[in-house]
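Here the structure is laid out as structure tokens; the discussion comes afterwards.
All heavy atoms count here, side chains included; hydrogens, waters and symmetry mates do not. Nothing fancy with the numbering, it's 1 onward along the sequence.
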Amino acid sequence: FLIFILAGCKNERNPAPQPSSKDESSLIKEKSTRVQPPTFKPIQIDDGAFNTISGWLDNDTILYITDSSSGSNVHSHNLHNGDNKLLFESSFPIVSVLISPLREYFLVHSSPSTNEALITVYTKDGQQVLEKKIPSTEVNIEWNLYNESSILITAFTEDWEFTVWNLNCEEATLLEVSLPQPFGYWLKENELLYLDWDLETPSLYANLKKYNLLTSESSDVLSQVLQV
């Protein structure tokens, strides 16, 4: 007789080691020390009242505008703790809100009528600094990057005639600027850049000039510039 003997293969691999209580406690501690994703508190607002978000008042707080049948309002909202404050109420529609470069002020442009702009400046805490009315149908606003108490405002009429103003928050003054072109850009605390377009001969390029607010004088910077 032939006898066949079948021998099963023995698994020589060692079983996976079970984690000890020490390993488990280390794993739990590691999970607890991981950085948790931030949580945000949403704005609670009535349907149809939201207008727009104007920007960051600080690293945690935004400014936003709401509208109602009686006018417009400016609010601040802390995204982390949900703190919501009413900073400004207007009986007129608010066109825009601009925050200063260092976030110490915010400017509210509201519209009492189609040919008038109401400019109101507040501290970041909602304290009014000044308020000025400017005849206009449209305005362009440039905050001074080198001195945020100074704001350049260009006011346009219906036929696109323009007047340029320098609004000073600290002195509460609104002074006309003899800038020959409507759009100026801050170069220094008291200097502006502008493109000197030739209205008689339209072109894609213009000479770039700078204007000194203290002397009211212009000087050449570059020629044949497309955009600032």
Applying side-chain hydrogen bond (donor to acceptor under 3.5 Å, both in side chains), which residue pairs with at least one partner in residues 165-178 are found, sequence neighbours left out?
-> S150-N166
[atom1] of [X]: more than 12 outside heavy atoms within 6.0 angstrom?
X    : atom1 : answer
D159 : CG    : yes
D46  : CG    : no
E131 : CD    : yes

Residues N84, Q44; criterion side-chain contact (heavy atoms from CB on, under 4.5 Å); working and verdict | CA-CA 9 Å; N84 198 88; Q44 302 296 326; over 6 Å; no
What are the two closest non-hydrogen atoms of [X] and [Y], and how far apart are they?
X    : Y    : result
A155 : V139 : CA-CG1, 4.2 Å
G55  : I99  : C-CD1, 3.6 Å
K41  : H80  : CG-O, 3.4 Å
A117 : H109 : CB-NE2, 3.6 Å
L98  : W143 : O-CZ3, 3.3 Å
V164 : P182 : CG2-O, 4.1 Å

Does [X] belong to the same Ile/Leu/Val/Met/Phe/Trp/Tyr cluster as [Y], with side-chain heavy atoms less than 4.5 Å apart forming each link?
X    : Y    : result
W56  : L145 : no
L192 : F156 : yes
L107 : F88  : no
L152 : F183 : yes
V177 : V221 : yes

Anything under 3.5 Å between a donor and an acceptor, one on a side chain of residues 194-208, the other on a protein residue two or more places apart or in another chain? List them.
residue, atom, partner, partner atom, Å
Y194, OH, S218, OG, 2.9
D196, OD1, Q181, NE2, 3.3
D196, OD2, K209, NZ, 3.4
D198, OD1, E200, N, 3.0
S203, OG, Y205, N, 3.1
S203, OG, Y205, O, 3.4

For E158, the side-chain contact (heavy atoms from CB on, under 4.5 Å) test, sequence neighbours excluded, returns T137
Remaining members of hydrophobic cluster (4.5 Å side-chain criterion), F92 = L118
Strictly under 6.0 Å, is that where the ring centroids of Y64 and F106 end up?
-> no
Tell me, please, which residues at least two apart from N78 pass side-chain hydrogen bond (donor to acceptor under 3.5 Å, both in side chains).
-> none
E191 meets the side-chain hydrogen bond (donor to acceptor under 3.5 Å, both in side chains) criterion, sequence neighbours left out, with none
[atom2] on [Y] to [atom1] on [X], rounded to 0.5 Å:
X    : Y    : atom1 : atom2 : answer
E142 : I153 : CD    : CD1   : 11.0 Å
T61  : N81  : OG1   : CG    : 7.5 Å
W186 : N144 : CH2   : CG    : 4.0 Å
Y122 : L63  : OH    : CG    : 12.5 Å
S96  : N51  : OG    : CG    : 10.0 Å
I151 : Y105 : CD1   : OH    : 9.0 Å

State, with a plain yes or no, whether a side-chain heavy atom of S219 is found less than 4.5 Å away from one of Y211.
-> no
Given V108 and V97, is the side-chain contact (heavy atoms from CB on, under 4.5 Å) satisfied, shown in steps?
-> CA-CA 5 Å; V108 179; V97 173; 4.2 Å; yes
Stepwise, does the side-chain contact (heavy atoms from CB on, under 4.5 Å) test hold for L130 with L167?
-> CA-CA 10 Å; L130 60 84; L167 179 65; 3.8 Å; yes
